[in-house]
Amino acid sequence: MNAENRRVAICPGSFDPITLGHLNIIRRSAKIFDEVVVCVMLNATKTSPMFSIQERVSMVQRATERYKNVRVETSDILLAEYARQFPNAVIVKGLRAASDFDYEFQMNLINKKINPDLETMFLTASEKYTFLSSSVVREMATYGADLTGLVPDELIPEIEEKAKLWRKN
Ligand code: ADP
């Protein structure tokens with residue numbers, strides 16, 4: 001297939017850390033699109049992340065390595081600018097609740113102003129992950145709660161370790 005006909009999905013987020021909810025959206029996007037670029041955003045508005053950008057990228061890479069058409073990148077520029085490098089790219093986001101919708105609707109309008117060709121598509125969150133967010137995971141980890149079923153199993157020790165350090169500070 002020639003490069004211009006390839007349909008690319010961009011799944012952006014801060015992934016601090018990646019959860020099974022994120023992974024569910026990435027996996028479903030990988031079935032629909034030829035290629036998925038997971039973009040770990042530096043995100044200037046979210047201050048003091050739990051994990052560094054390198055740690056977040058590394059965790060997303062490990063969680064997605066079994067999906068052959070998924071790759072992981074990072075960006076410190078606006079998503080609408082970042083997306084210009086991919087012809088025909090579509091932003092794919094997960095929608096959990098009405099509150100997500102309000103925020104995403106606003107973001108979509110801003111993105112369209114900057115880059116009118118850029119489309120955003122939404123996949124509804126899987127029922128079992130509707131209440132899952134990175135902030136829930138950070139909070140549970142800080143209290144030493146069991147993270148099984150919230151994040152990929154292979155990442156649990158690393159998240160627990162970080163939460164211990166986090167608690168001390
Ligand atoms: P969070 O909202 O967990 O802090 P991000 O800012 O990294 O996560 O979100 C990136 C994208 O992933 C957003 O489109 C968000 O709606 C989606 N997302 C996050 N958690 C879930 C979930 N549990 N189910 C579906 N989509 C999700």
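Computed from a predicted structure; not experimentally measured. Start at 1 and go down the list; that is how both ligands and their atoms are numbered.
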Checklist entry - Using heavy atoms and a threshold below 4.0 Å, how should the contact between Pro12 and ligand 1 be classified: side chain, backbone, both, or neither? => result backbone
Checklist entry - Is the closest N or O pair between Arg96 and ligand 1 shorter than 3.5 Å? => result yes
Item to check | Heteroatom distance test (Thr19, ligand 1): nitrogen or oxygen, under 3.5 angstrom | outcome: no
Checklist entry - Are any of the N/O atoms in Phe15 less than 3.5 Å from those in ligand 1? => result yes
Checklist entry - In terms of side-chain geometry, is the basic nitrogen of Glu65 or Arg62 positioned less than 4.0 Å from the acidic oxygen of its partner? => result no
Next on the checklist: If you count heavy atoms of other groups shown closer than 6.0 angstrom to CD of Gln85, is the number above 12?
Outcome noted: yes
Checklist entry - Which ligand 1 atoms, with their elements, are less than 4.0 angstrom from a heavy-atom of Leu132? => result 20 (N), 21 (C), 22 (C), 23 (N)
Next on the checklist: Please report whether ligand 1 has a polar contact with Thr130, defined as an N or O pair separated by less than 3.5 Å (distance criterion only).
Outcome noted: no
Checklist entry - Would you say Gly94 has any N or O atom under 3.5 Å from an N or O of ligand 1, going by distance alone? => result yes
Next on the checklist: Regarding Arg7 and Glu35, does a basic nitrogen lie under 4.0 Å from an acidic carboxylate oxygen?
Outcome noted: no
Next on the checklist: Would Ser135 count as a contact residue for ligand 1, given that I'm defining contact as a non-hydrogen atom of the residue lying under 4.0 Å from a ligand atom?
Outcome noted: no
Next on the checklist: Suppose we screen for ring pair (Phe, Tyr, Trp, His ring centres under 6.0 Å). Which residues come up paired with Phe105, at least two apart in sequence or across chains?
Outcome noted: Phe101
Checklist entry - Using links of under 4.5 Å between side-chain heavy atoms of ILVMFWY residues, direct or through other members, which residues join Tyr143 in one cluster? => result none
Item to check | Heteroatom proximity flag, His22 to ligand 1, N/O under 3.5 Å | outcome: yes
Checklist entry - Could you walk me through whether Phe51 and Ile159 pass the side chain to side chain contact (heavy atoms under 4.5 Å, CB included) check? => result CA-CA 9 Å; Phe51 294 91; Ile159 298 171; 4.0 Å; yes
Next on the checklist: Between ligand 1 and Gly13, is the shortest N or O to N or O distance under 3.5 Å?
Outcome noted: no
Checklist entry - At their closest point, which heavy atom of Phe86 faces which heavy atom of Arg71, and how far apart are they? => result CE2-NH2, 3.5 Å
